[in-house]
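Take a look at the structure below.
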Amino acid sequence: MYKLSEYAFVAGGLSAILALITSVAYAASGLRAARLQTSPAAMTGRTIGFSAGPRTASIGLYATLLAWLAAAALTASLVFRTFATGHGPFANMYEFSVAFAWGILVAYLWFERRYHQRLLALVALPVAIALMAYATTIPSTIEPLVPALQNNLLLTVHVAVAIVAYGSFTVAFAAAILYLVQPEGGRWGLPKPGVLDEIGYRSIVVGFPFLTLTIVLGAVWADIAWGRYWSWDPKETASFVTWLIYGAYLHARVVRGWRGTWAAALLLLGFAATLFTYFGNLFFGGLHSYAGLG
Amino acid sequence: MADQARTRPVPGVPPADALEEVPLIDVDGALERLWSVLTSMRLALVLILVLAALALAGTILVQAPPGVAADPEARAEWLNQVRPKYGGWTGVFDALGLFAVFESIWFRLVAAALTASTLACSIRRLPGIVMTATRPHVDVAEAFFEHAPHREAVILREGPTAARQRVEATLRGHRYRIIAGSDGATLYADRFRWVPLAGLVGHLALVVIVVGALVGATFGFRDPDFVIAEGSTAAVPGTPGLSVELVSFRDSYYANTGAPSDYASELVLYRDGAEVARQTVRVNDPLRYDGTSFYQSFYGPAASVRVADEAGTLLFAGGVPLAWSMNEGNRRVGTFTIPERDLTVWVVGTGGPSDLVVRPGQMRVEVYRNDGSATPVDAVSLDPNKPAVIEGLSFTFDRELQFSGLSIARDPGTPIVWLGCTLLFFGFVIRFTVPHRRIWIRISRQGGHSRVAFASVGRGDVSLGAEYARLIEEVGRGPAATDIARGRAATRA
């Protein structure tokens with residue numbers, strides 16, 4: 001099972017890399033289509049939208065299929081690992097990194113399906129690939145659980161919920177990046193700012209309740225294991241900071257002067273806080289320190 | 001607060017802007033200004049970000065252990081410890097309270113202001129939500145049907161009366177409530193009209209959590225470092241009449257890594273001498289009795305010691321937890337007193353195989369008079385079951401035991417916090433997943449046919465847009481309709 005998990009992980013990583021390359025090719029072909037549109041030869045009334053053009057679409061389809069393949073392989077890797085360890089694949093930094101990458105792929109595919117915006121992959125896939133690359137640098141050996149983690153139900157649910165939240169936040173981050181890199185008017189064939197704003201918002205609408213649940217379940221577990229529901233442990237505080245930033249974002253979207261660029265900037269800030277929360281236990285110790293390497 | 005400004009838009013105007021700064025309740029002068037500040041979402045936004053910045057400082061900067069900030073000596077010592085890390089900034093951070101952020105006045109002020117703002121915003125929004133649910137704005141201007149975020153119109157090959165019946169039947173079939181406008185041509189249909197209250201509940205839940213935390217801080221009790229040796233019984237701090245006995249302590253380790261696999265304390269609780277509870281307490285399995293909880297926290301060695309006077313009367317007998325560490329020699333120490341002789345005894349464990357003063361298997365007793373003197377009356381390293389006489393008293397080290405470190409807590413605020421968390425989660429989930437659906441419909445005669453115009457609010461919500469599109473399609477399915485004006489629903493953007 002352990003070996004199978006490793007093989008599936010490698011397959012997932014390679015598929016994700018191929019999916020990224022294909023997505024870049026897809027974006028590039030879109031760029032050409034967009035240029036054609038502005039050249040006199042193409043000004044014949046036939047609009048060549050970004051999703052139009054048969055060639056572009058087929059490359060895009062491959063990109064999506066590869067992303068699905070990567071998600072399926074990572075799913076298999078996590079399932080095999082669960083069988084090998086006997087608990088949810090969330091007990092150390094290696095397992096959590098693979099799960100995080102899985103969460104990004106799934107969240108990306110969900111939003112891609114819903115909004116038909118493949119170019120989110122340009123940002124989301126590199127983040128997922130970076131996490132998988134990071135996972136290869138840390139030991140993947142299976143260690144038995146220390147007593148504090150010996151709560152299979154809460155370990156699994158608390159972290160699984162966090163994975164969904166983090167995956168959604170990565171999609172929001174992708175949308176915000178694509179929103180912010182676009183100059184006013186000029187689009188390079190990227191999704192329209194309005195759509196990106198909507199995707200960013202929808203992914204926070206998914207991610208925010210999940211982050212809330214992560215924190216609440218963390219508090220429930222802390223009350224059982226540590227004797228208090230909240231102790232300002234660095235990791236729980238960092239997740240609280242993340243929660244506040246996304247809370248601010250949800251408000252910013254309905255406050256004049258904060259919409260658009262500033263709201264998108266808050267999404268970047270929120271994602272920075274997410275990564276800080278995620279990598280935090282590597283440098284700030286605290287009660288979550290056992291979730292570290294090895 | 002998100003989006004709730006949109007609950008009662010003035011049709012035809014982008015709804016979120018319309019009501020943002022308009023107070024719904026009139027209060028006089030200064031109070032009114034305070035109210036408008038408190039209910040300003042812009043202020044809430046800034047407060048959230050400031051709170052986030054403060055909390056961030058609390059994760060990045062090392063936080064002083066509890067109690068250090070209040071004790072000037074301990075504080076100075078602690079600051080000297082962290083000075084190498086923060087250099088010249090140490091004094092600045094300390095002055096700003098950043099080494100105890102969560103107890104600092106800044107944090108409390110911002111948290112209090114945010115709580116007040118949440119409460120004020122909720123109160124302000126309530127009448128609007130109730131109004132929208134009970135007496136919605138039905139009659140809208142014609143322009144609304146041309147500018148609403150979601151809008152569409154179809155031509156039905158039938159008269160306005162039949163068209164109206166068709167529209168109403170379709171909407172009722174989808175469980176919409178329908179209210180007719182005063183002009184006879186306008187209909188208002190909505191569904192899930194009380195959902196905006198869920199958003200309000202989600203916000204008020206934060207206030208509930210704050211209340212729970214305050215209740216816990218005011219009426220609760222906590223001793224995170226309660227130590228007790230095997231075989232001992234001790235009064236439970238903060239809970240009169242309750243005492244706890246540690247019957248035994250067990251620890252086990254993984255053979256391959258040496259990491260602890262399990263540690264457990266078998267506890268018995270007595271109330272006024274009578275046993276009331278008994279449980280093996282583990283890290284993820286606390287003992288809870290009548291509002292007081294006992295958590296397994298840490299553990300270590302203890303010494304079973306007896307002290308008898310010249311006549312053989314026992315002055316002390318029991319386990320002494322070696323709960324502290326001495327820097328010198330890596331030894332663990334514990335202490336007990338002999339009030340009859342006004343003596344304090346320190347029990348010192350071995351520092352390991354290289355310790356020549358307290359050899360492995362030995363236990364050292366150092367006896368001090370309670371007069372503040374820093375030098376012991378005498379100190380002897382004892383072998384098991386070989387008594388030594390100090391100050392006329394016979395000291396016996398029986399054997400080594402273990403002690404268990406428990407965290408004891410009574411927090412009456414916890415149920416309130418869980419209530420708040422539940423409301424928070426479900427409030428937001430409902431608010432985000434079940435949007436209040438609202439559709440305005442205007443039916444007009446167009447030749448022998450009727451024109452049915454639909455309009456709705458709610459910016460770029462794809463699922464909502466799709467639902468409206470399905471409804472309209474269903475309306476038009478009967479008498480072959482023609483779409484004449486499609487709104488810019490986000491699905492098609």
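Numbered from 1 within each chain, the chains take letters A, B, ... in sequence-line order.
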| note | Separation between CH2 (A/W226) and CG (B/N284), nearest 0.5 Å, reads 10.0 Å
| B/F426 atom CZ, over 12 foreign heavy atoms within 6.0 Å | no
| remark: Bottom line for B/I430: the part with an atom under 4.5 Å from chain A's heavy atoms is neither
| task | Using a cut-off of under 4.5 Å on heavy-atom pairs, state which of A/A219, A/G194, A/G247, A/A273 scores highest against chain B. | result | A/A219
| Roughly how far, to the nearest 0.5 Å, is the CZ atom of A/F210 from the CZ atom of B/F425? | 6.5 Å
| query | Under 4.5 Å between any side-chain heavy atoms of A/W243 and B/I48, yes or no? | reply | no
| message | Please determine whether the number of non-hydrogen atoms from other residues, nucleotides or ligands lying under 6.0 Å from atom CH2 of A/W262 exceeds 12. | response | no
| request: Just give me the residue among A/V241, A/L269, A/T242 that pairs up with chain B most often, heavy atom to heavy atom, under 4.5 Å. | output: A/V241
| Under 4.5 Å from a heavy atom of chain A, the part of B/A53 involved | neither
| field | Flag side-chain contact, heavy atom, 4.5 Å: A/T212 against B/V429 | value | no
| query | Rounded to the nearest 0.5 Å, how far apart are CZ of A/F276 and OG1 of B/T59? | reply | 3.5 Å
| request: Side chain from CB out, backbone as N, CA, C, O: work out which of these in B/S407 comes under 4.5 Å of a heavy atom of chain A, or both, or neither. | output: side chain
| said: Any heavy-atom pair between the side chains of B/F102 and A/T237 that's under 4.5 Å? | reply: yes
| Is it the side chain or the backbone of B/R288 that comes within 4.5 Å of chain A heavy atoms, both, or neither? | side chain
| said: Is it the case that the side chain of A/R228 and the backbone of B/D411 share a donor-acceptor pair, with hydrogens and angles ignored and the cut-off at 3.5 Å? | reply: no
| message | Can you tell me which portion of A/W230 sits under 4.5 Å from chain B's heavy atoms? Options are side chain, backbone, both or neither. | response | neither
| query | Quick one: what part of A/L266 sits under 4.5 Å from any heavy atom of chain B, side chain, backbone, both or neither? | reply | side chain
| field | side chain to side chain contact (heavy atoms under 4.5 Å, CB included) evaluation trace for A/F240 with B/L51 | value | CA-CA 10 Å; A/F240 175 61; B/L51 196 69; 4.0 Å; yes
| Is there side-chain contact between A/V206 and B/F432, with heavy atoms separated by less than 4.5 Å? | no
| query | Considering residues, nucleotides and ligands other than A/W110, do more than 12 of their heavy atoms fall under 6.0 Å from its CH2? | reply | no
